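For ligands, and for the atoms within them, numbers begin at 1 and follow the listed sequence. None of these values were measured; they are calculated from a predicted model. Sequential numbering from 1 along the given sequence is applied to the chain's residues.
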Amino acid sequence: MSRDVKDMPERGETILRLSNISKNFGAVSALTDIELEVKAGEVVALVGDNGAGKSTLIKVLAGVHQPSSGTIEFCGSNVTLESPGKALELGIATVFQDLALCENLDVVANLFLGHEMSPWSLDEVAMEVRAWTLLRELAARIPSVREPIASLSGGQRQTVAIARSLLLDPKIIMLDEPTAALGVAQTAEVLNLIERVRERGLGVIIISHNMEDVRAVADRIVVLRLGRNNGVFTPDSSNQDLVASITGATENAVSRRIERKTGAPHETSGRPA
Ligand SMILES: Nc1ncnc2c1ncn2[C@@H]1O[C@H](COP(=O)(O)OP(=O)(O)OP(=O)(O)O)[C@@H](O)[C@H]1O
Ligand SMILES: [Mg+2]
């Protein structure tokens with residue numbers, strides 16, 4: 001199960017490009033004409049208010065929902081992600097918010113569940129070695145790979161779920177709210193892990209409501225609002241611009257509020273990238 005580096009796009013090359021992706025649920029337009037690009041070795045944060053379409057977009061890329069229109073280009077070819085299996089086979093892995101781990105099984109069993117190294121005779125030793133190697137590469141702090149999931153912290157569980165998705169050698173990994181419900185130290189651990197994943201040359205899409213986390217780890221911040229693209233920012237874009245883009249407040253309204261607070265005329269800085 002070694003990584004086939006030949007298949008991996010060069011750092012900075014586009015892995016994924018969405019053009020004009022729309023998704024309707026009956027009369028509800030969840031996504032309208034979405035454009036999104038993810039490069040190898042890049043972390044893209046997908047942000048937006050509740051109902052902005054983030055999860056729907058992730059589900060389209062995970063092969064759970066079929067887009068109503070638009071094209072998905074993956075490693076230079078147009079693809080149809082007709083099922084979750086197809087998305088995984090191409091190299092698009094998803095860590096959903098519920099993590100889908102088995103509490104009573106240990107770390108090794110959870111890592112290999114469903115893709116055991118030799119299905120007819122479980123090679124426990126080989127799987128344990130592979131588990132340790134991967135966790136060490138990710139600088140993960142897991143006390144023992146024979147520990148049941150139930151005894152791990154939230155951050156450690158997130159680590160196991162991310163490591164599990166890496167075993168399939170994906171080119172893109174999508175994380176839905178990986179730091180929600182984590183404490184400060186555990187959040188830092190997961191953000192470090194995301195950096196390790198980026199160093200491996202993967203493209204990462206992260207959904208988060210936490211702007212601090214987003215700024216700490218993302219190379220680009222893509223804002224969705226009411227199912228549409230509403231701006232692309234960098235981590236050093238101003239908070240006002242980012243918040244205005246997420247909430248739909250006009251820049252003037254935000255500036256007026258800042259002027260009222262500070263008494264000084266507000267100059268907008270940090271234009272969208
Ligand atoms: N299966 C579905 N059937 C009908 N409408 C749906 C379905 N899934 C999502 N929607 C609608 O699509 C829109 C986008 O929802 P989505 O869950 O993608 O938003 P989100 O950005 O993930 O929000 P949150 O931050 O609350 O998770 C919402 O109006 C939602 O009601
Ligand atoms: Mg959601």
Side-chain angles (χ1 to χ4, degrees), residues 16-38 43-72 74 80-88 92-101 154-155 157-158 161-162 165 170 172-182 187 190-191 194 203-233 235 237 239 241-249 272:
L16 181 72
R17 181 176 284 124
L18 306 191
S19 312
N20 297 106
I21 289 289
S22 298
K23 174 66 184 174
N24 306 323
F25 294 104
V28 177
S29 301
L31 299 173
T32 309
D33 292 335
I34 295 293
E35 311 276 327
L36 180 75
E37 192 182 355
V38 183
V43 178
V44 175
L46 205 52
V47 305
D49 243 333
N50 297 118
K54 306 177 297 292
S55 294
T56 305
L57 186 55
I58 291 296
K59 285 179 186 161
V60 164
L61 288 172
V64 174
H65 290 322
Q66 297 311 303
S68 309
S69 59
T71 53
I72 302 175
F74 189 76
T80 311
L81 306 170
E82 68 261 12
S83 67
K86 180 66 192 297
L88 269 180
I92 304 176
T94 315
V95 179
F96 290 101
Q97 202 169 351
D98 68 5
L99 301 184
L101 298 171
R157 288 171 195 222
Q158 186 66 239
I162 293 173
S165 72
I172 295 247
I173 148 165
M174 303 191 289
L175 310 170
D176 196 351
E177 294 279 0
T179 57
L182 295 187
T187 296
V190 170
L191 295 181
I194 293 172
V204 180
I205 301 177
I206 167 180
I207 292 186
S208 180
H209 280 100
N210 186 323
M211 289 307 123
E212 215 176 299
D213 294 355
V214 163
R215 283 179 189 280
V217 80
D219 298 297
R220 272 187 309 127
I221 305 168
V222 172
V223 178
L224 297 188
R225 179 165 157 72
L226 304 173
R228 294 176 183 269
N229 284 103
N230 206 39
V232 181
F233 297 82
S237 298
N239 214 33
D241 287 348
L242 187 53
V243 171
S245 176
I246 291 171
T247 59

Arg228 atom CZ: more than 12 heavy-atom contacts under 6.0 Å: no

Kindly identify the option in Gly53, Ala27, Gly26, Ala30 whose heavy atom sits closest to atom 19 (O) of ligand 1. Gly53

Distance to 0.1 Å, residue and atom name: give those for the protein heavy atom nearest to [atom].
| atom | answer |
| --- | --- |
| atom 25 (O) of ligand 1 | Lys54 NZ, 2.7 Å |
| atom 26 (O) of ligand 1 | Asn50 ND2, 2.9 Å |
| atom 16 (P) of ligand 1 | Thr56 OG1, 3.5 Å |
| atom 6 (C) of ligand 1 | Phe25 CD1, 3.3 Å |

For ligand 1, which atoms sit closer than 4.0 Å to a heavy atom of [X]?
| X | result |
| --- | --- |
| His209 | 25 (O) |
| Ala52 | 19 (O), 20 (P), 21 (O) |
| Asp49 | 21 (O) |
| Ser55 | 17 (O), 18 (O), 20 (P), 22 (O), 27 (O) |

Any [X] side-chain heavy atom under 4.5 Å of [Y] side chain:
| X | Y | value |
| --- | --- | --- |
| Ile206 | Leu46 | no |
| Ile172 | Phe74 | yes |
| Asp176 | Thr94 | no |
| Val204 | Val44 | no |
| Ser19 | Glu35 | yes |
| Pro178 | Val190 | yes |

Would a distance-only check, ignoring hydrogens and angles, find a side-chain to backbone donor-acceptor pair under 3.5 Å from Arg17 to Thr71? no

Can an N or O of [X] be found at a distance shorter than 3.5 Å from an N or O of ligand 1?
| X | value |
| --- | --- |
| Gly51 | yes |
| Val28 | no |
| His65 | no |

I'd like to know if atom 30 (C) of ligand 1 has any protein heavy atom within a distance of less than 4.0 Å. no

Polar protein atoms near the Mg ion (ligand 2) [N, O or S; cut-off under 2.8 Å]: Ser55 OG

For Ser208 and Asp213: C-alpha separation, side-chain torsions, deciding distance, then whether side chain to side chain donor-acceptor pair (under 3.5 Å) applies. CA-CA 8 Å; Ser208 180; Asp213 294 355; 4.7 Å; no

Pairs under 3.5 angstrom only: tabulate donor-acceptor contacts from the side chains of residues 50-70 to other protein residues two or more places apart or in another chain.
unit_1, atom_1, unit_2, atom_2, d
Lys54, NZ, Gly48, O, 2.9
Lys54, NZ, Asp49, O, 3.1
Gln66, NE2, Leu81, O, 2.9
Gln66, NE2, Glu82, O, 3.4
Ser68, OG, Asn24, N, 2.8

Could I get the full list of side-chain contact (heavy atoms from CB on, under 4.5 Å) partners for Glu212, not counting sequence neighbours? Asn210

The criterion is side-chain contact (heavy atoms from CB on, under 4.5 Å); which residues satisfy it with Arg157, sequence neighbours excluded? Leu99, Leu101, Glu103, Ile149, Leu152

